[in-house]
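Written below as structure tokens is the structure these notes are about.
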2 protein chains.
Amino acid sequence: MKTDKQDAPVNLLDVAREAGVSRATASLVLRNSPLVAAATRERVQQVMQRLGYIYNRGAANLRQNRTNTIGLVLSNISNPFFSTLTAGVEEANDASEIVCFIADSAESPERQARQIQRLREHNIDGLILCPAVGSDERVIADLDRLGLPFVQVLREIPGCARDYVTVDYAAGIDEAMAHLVTAGRRRIVFIGNFSTHSAARARLEGFNRAAARLGLPSLPVIAGGRDNRYDEAALDEILASSEPPEAAICYNDIIALAVMGHLRRRAIGVGSDFSVIGMDDLSSASASYPALTTIATMPHRVGEAAARLLQKRISRPAKRSEQLVITPRLIVRESA
Amino acid sequence: MKTDKQDAPVNLLDVAREAGVSRATASLVLRNSPLVAAATRERVQQVMQRLGYIYNRGAANLRQNRTNTIGLVLSNISNPFFSTLTAGVEEANDASEIVCFIADSAESPERQARQIQRLREHNIDGLILCPAVGSDERVIADLDRLGLPFVQVLREIPGCARDYVTVDYAAGIDEAMAHLVTAGRRRIVFIGNFSTHSAARARLEGFNRAAARLGLPSLPVIAGGRDNRYDEAALDEILASSEPPEAAICYNDIIALAVMGHLRRRAIGVGSDFSVIGMDDLSSASASYPALTTIATMPHRVGEAAARLLQKRISRPAKRSEQLVITPRLIVRESA
DNA sequence: CTGTTAGCGCCTTCAC
DNA sequence: GTGAAGGCGCTAACAG
């Protein structure tokens with residue numbers, strides 16, 4: 001015969017009775033209010049400990065209209081970039097006793113809408129969102145209608161100047177291009193552009209502008225596809241042309257690693273004959289051979305920044321919106 | 001002047017009044033009860049739509065003692081293996097209207113305890129846990145005391161036969177070893193063992209047993225370290241010995257990729273002179289050059305299975321505990 | 001099939 | 001400093 005378990009979870013009234021105080025006093029102890037005498041506090045805390053009391057935030061939320069939860073809705077949580085971003089969010093939250101719901105829109109605006117709705121029903125205090133490809137202003141309008149604080153990460157729904165954390169892709173690509181030119185490369189190709197979200201556009205535009213500024217010949221962009229694919233045939237074609245590229249900047253590290261493998265199968269020396277630069281600096285970038293030169297976009301930092309910005313927004317709903325831009329850094333290894 | 005916004009969120013009573021029914025009826029509509037007439041349901045739903053009503057699950061939870069939330073506490077969420085597992089959990093949850101809190105224990109039992117406590121305060125219905133290295137039975141005892149349903153994934157706290165989803169590492173390693181022996185390799189080394197959690201033990205034991213069964217010479221294990229490091233010096237030493245290994249089975253893909261890079265720097269032909277086999281089949285395994293032969297441990301499936309098992313446990317708290325073992329599969333590519 | 005009543009566990013206000 | 005009362009939004013139990 002065990003002791004009483006979940007038959008009746010101990011609540012604040014039980015604690016109060018046992019400690020010989022009122023519910024209100026026990027509640028104050030719970031929230032570390034200075035209004036309660038040290039001795040009383042001590043006694044109540046001991047009772048809580050002894051009875052195995054668990055603070056029922058659900059009940060508190062109902063009263064306070066604040067849940068200390070946020071939502072994190074990403075377009076693809078199994079992507080290592082996003083999982084590191086998630087870790088950053090976590091870290092910032094851990095400090096502030098916030099707990100985080102996670103959802104994966106899998107790039108589907110409909111699924112994303114469902115998930116936001118669901119989180120909304122759970123009364124999240126705020127939302128960090130990387131909008132699925134194809135999301136439009138209605139998402140933002142919805143959030144506004146509900147008065148739900150949110151910050152966008154990496155991608156931005158066009159035409160809404162709101163809280164936003166992103167990476168200065170153009171700056172990273174500038175640095176990478178400069179590095180390539182210094183090494184004597186001039187025919188540089190961009191590989192793997194696919195989606196038309198703001199982060200993808202920023203990369204391609206950054207590439208084109210840098211190429212123009214440096215007076216480099218313009219080569220066709222090698223298209224990308226779903227799930228970090230790219231058009232291998234197009235790459236082969238351009239490699240076989242009379243003026244083949246000498247270097248590539250890739251949409252991300254995953255594509256860069258695939259490109260490296262492809263080049264080496266074609267017996268093209270990566271780093272010597274041909275330079276490859278990736279983007280993100282995933283852990284697999286440093287482990288590859290040759291080690292991948294890449295533009296570190298610091299997902300952990302992006303996540304932390306987004307979580308902190310959201311906290312600010314939640315505490316000051318009317319404050320001016322803020323755009324945070326994380327500056328990436330070129331990590332030179334062996335591939336370029 | 002905007003219309004009324006969050007000044008007073010519309011609640012079920014508002015809906016009921018507007019639709020000319022009672023709160024109870026509106027509540028039944030909300031939960032798709034068959035007890036309500038089709039016409040009434042229709043009318044109420046339209047009102048909900050029109051008023052922008054949002055179901056307040058927090059309030060419902062208070063009443064029902066069920067929140068439709070679960071917790072997912074992992075030892076390292078930025079590890080691609082775990083992020084894919086998370087996607088699997090998500091997918092299973094999405095179907096059942098469950099929403100998922102995520103937490104990263106970062107291999108710290110103390111942090112893990114804090115996070116579980118926090119989730120508990122939010123009244124999660126159940127927990128999926130990959131225990132941090134160093135967790136002991138107290139974690140389980142705690143969960144039991146609270147009557148919180150849980151399932152462990154991948155790692156198991158010793159001596160507690162409870163709901164558990166894992167991978168049959170030994171079977172995977174058997175298959176890999178057989179593959180190597182068929183290819184004529186006999187001196188096989190295991191690289192990168194580090195932690196002493198059950199999943200790490202299972203791999204090493206599987207390796208040793210397979211080696212014994214196949215009558216292979218026994219070589220020293222190359223130790224691993226935090227963050228997927230391994231002892232490079234020890235590998236060099238054994239490579240320089242009079243009877244160097246001809247193949248390696250690595251603790252996971254991340255280590256395998258690093259080992260491949262190291263070998264190629266030493267001008268050892270991976271796939272030809274020396275075979276390398278990884279574990280997990282991360283996306284970077286197929287993108288590497290040479291493409292990594294690896295034991296696919298199917299994290300997505302593990303996640304889905306864990307989520308479903310947890311659902312079963314939640315709906316039948318007293319049912320016998322269940323151990324699910326996912327059988328991995330050797331994916332033969334170029335490195336072995 | 002629909003309405004009434006009585007809380008779920010907590011926090012806030014206001015007395016004392 | 002502490003106690004008593006009321007209510008957050010919802011649902012369970014029952015009455016009609």
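A note on names: the letters A, B, ... follow the listed sequences, proteins ahead of strands, and every chain is numbered from 1. This structure is a prediction, so every number in the text was calculated from the model and none was measured.
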5' precedence on DNA chain C between A:L62 and B:S22 (nearest-nucleotide basis):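 By nearest-heavy-atom nucleotide position, the 5'-most residue is B:S22.
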
Measure from the side-chain N and O atoms of [X] to the backbone N and O of [Y], and report whether any donor-acceptor pair falls under 3.5 Å.
X      : Y      : answer
B:Q112 : B:A132 : yes
A:T84  : A:P299 : no
B:S321 : B:A161 : yes
A:S105 : A:L74  : yes

Salt bridge (charged side-chain N to carboxylate O under 4.0 Å, His left out) pairs, two or more places apart, involving residues 66-82 of chain B: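 For residues 66-82 of chain B, and leaving out neighbouring residues, the salt bridge (charged side-chain N to carboxylate O under 4.0 Å, His left out) pairs sorted by first residue read B:R66-B:D125.
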
Qualifying side-chain hydrogen bond (donor to acceptor under 3.5 Å, both in side chains) pairs, either residue in residues 26-44 of chain B, two or more places apart: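 side-chain hydrogen bond (donor to acceptor under 3.5 Å, both in side chains) check on residues 26-44 of chain B returns B:S27-B:R31.
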
A:E97/A:R57 ion pair, N-O < 4.0 Å: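 Judged by the 4.0 Å cut-off on N to carboxylate O distance, A:E97 and A:R57 do form a salt bridge.
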
Salt bridge B:E107-B:R155, side-chain N to carboxylate O under 4.0 Å: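 Looking at B:E107 and B:R155, the cut-off is met.
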
Sequence neighbours excluded, every pair satisfying ring pair (Phe, Tyr, Trp, His ring centres under 6.0 Å) that has a member inside residues 144-164 of chain A: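 Output for this query is empty, none listed.
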
Pairwise ring pair (Phe, Tyr, Trp, His ring centres under 6.0 Å) hits with a residue in residues 101-136 of chain B, at least two apart: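 Passing the test, one end in residues 101-136 of chain B: A:F101-B:F101, B:F101-B:H122.
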
pair B:V165-B:V153: side-chain heavy atoms closer than 4.5 Å: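 When only atoms from C-beta onward are counted, B:V153 and B:V165 do touch, with a gap below 4.5 Å.
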
DNA chain C-proximal residues of residues 49-60 of chain B, any heavy atom under 4.0 Å: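 Per residue number, the list is empty: none.
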
Positional range of nucleotides in DNA chain D within the contact set of chain A, heavy-atom, under 4.0 Å: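 The protein-touched segment is D:dG1 to D:dG9.
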
Strand contacts (DNA chain D) in residues 25-47 of chain A, 4.0 angstrom heavy-atom criterion: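 Here the set is A:T25, A:L35, A:V36, A:A37, A:T40.
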
A:F81: ring-ring contact (aromatic ring centres under 6.0 Å, His included) partners, not counting sequence neighbours: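 Checked A:F81 against ring-ring contact (aromatic ring centres under 6.0 Å, His included); zero matches.
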
Degree of bending in the helix from C:dC1-D:dG16 to C:dC16-D:dG1 once both end axes are built from five pairs, to 10°: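 About 30° separates the two local helix axes.
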
Partners passing side chain to side chain donor-acceptor pair (under 3.5 Å) against B:R313 (at least two apart in sequence or in another chain):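 B:R313 satisfies side chain to side chain donor-acceptor pair (under 3.5 Å) with B:D163 once adjacent residues are dropped.
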
Nucleotide range of DNA chain C lying under 4.0 Å from chain B heavy atoms: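 Listed 5' to 3', the contact boundaries are C:dC1 to C:dG9.
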
Set of residues satisfying side chain to side chain contact (heavy atoms under 4.5 Å, CB included) with respect to B:L30, sequence neighbours excluded: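 Once residues adjacent in sequence are excluded, the partners of B:L30 under the side chain to side chain contact (heavy atoms under 4.5 Å, CB included) criterion are B:L12, B:M48, B:Y53, B:Y55.
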
Distance-only polar pair, side chains of A:T25 and A:S22, donor-acceptor under 3.5 Å: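 Yes, A:S22 and A:T25 have a side-chain donor paired with an acceptor closer than 3.5 Å.
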
